[in-house]
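Values below: all heavy atoms of this structure, side chains included; hydrogens, waters and symmetry mates excluded.
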Amino acid sequence: MSTSKRISWTDKPQWLAQWQSREISKKLAVGLFVLGTIGCMQALGIGSGLFAAVVILMMMGGMCVLFFPFSWLRVPYVVGLYLFCLLFELL
């Protein structure tokens, strides 16, 4: 989700356009990040769990920046690739 005013996404789905302007999407993102961080900390320990959460966050951000300009990659493919990388990172 892009909150930038300089860049527009012309063929954005309707449900995503509705979520962009709501405050709930930001709270949901923070909640999911905290939940994922807690899960990493429980699975790997406090130090390595925090480190893994940061690495996963950086990987997700890099994937969004890398794959967003290619319109041939749709949401299910990006989500699948993200989950694959997440599982690869945690294993």
Side-chain angles (χ1 to χ4, degrees):
M1 172 176 59
S2 174
T3 56
S4 175
K5 305 295 184 222
R6 295 179 291 160
I7 299 173
S8 64
W9 184 7
T10 56
D11 59 342
K12 185 183 299 184
Q14 181 65 25
W15 63 271
L16 192 58
Q18 290 174 349
W19 275 64
Q20 179 180 2
S21 60
R22 296 183 183 170
E23 193 67 28
I24 193 167
S25 63
K26 294 176 185 173
K27 291 179 182 176
L28 180 66
V30 169
L32 287 174
F33 176 71
V34 169
L35 186 67
T37 303
I38 290 171
C40 285
M41 287 171 49
Q42 285 180 347
L44 303 172
I46 294 174
S48 56
L50 285 173
F51 180 73
V54 170
V55 168
I56 292 168
L57 180 67
M58 293 299 290
M59 184 222 19
M60 182 183 67
M63 281 182 49
C64 291
V65 170
L66 180 66
F67 291 135
F68 183 75
F70 300 115
S71 59
W72 49 268
L73 270 178
R74 300 288 178 221
V75 173
Y77 297 113
V78 174
V79 169
L81 185 60
Y82 171 71
L83 290 175
F84 172 75
C85 292
L86 177 68
L87 288 174
F88 185 72
E89 185 70 36
L90 289 177
L91 294 178

- Residues in side chain to side chain contact (heavy atoms under 4.5 Å, CB included) with V79, at least two apart? V75, L83
- Task: Measure the spacing between CG of L50 and CD1 of I38 and express it to the nearest 0.5 Å.
- Result: 10.5 Å
- Message: Looking at every non-hydrogen atom in both residues, tell me the closest pair between L44 and A52 and how far apart they are.
- Response: CD1-CB, 3.7 Å
- Query: Taking only residues two or more places apart in sequence or in another chain, which ones pass side chain to side chain contact (heavy atoms under 4.5 Å, CB included) with F51?
  - Reply: V55
- Message: Hydrophobic clusters here meaning ILVMFWY residues chained together by side-chain heavy-atom distances under 4.5 Å, can you tell me if V54 and V34 are in one?
- Response: no
- Query: If you group Ile, Leu, Val, Met, Phe, Trp and Tyr by side-chain heavy-atom gaps below 4.5 Å, do M59 and F33 land in one group?
  - Reply: yes
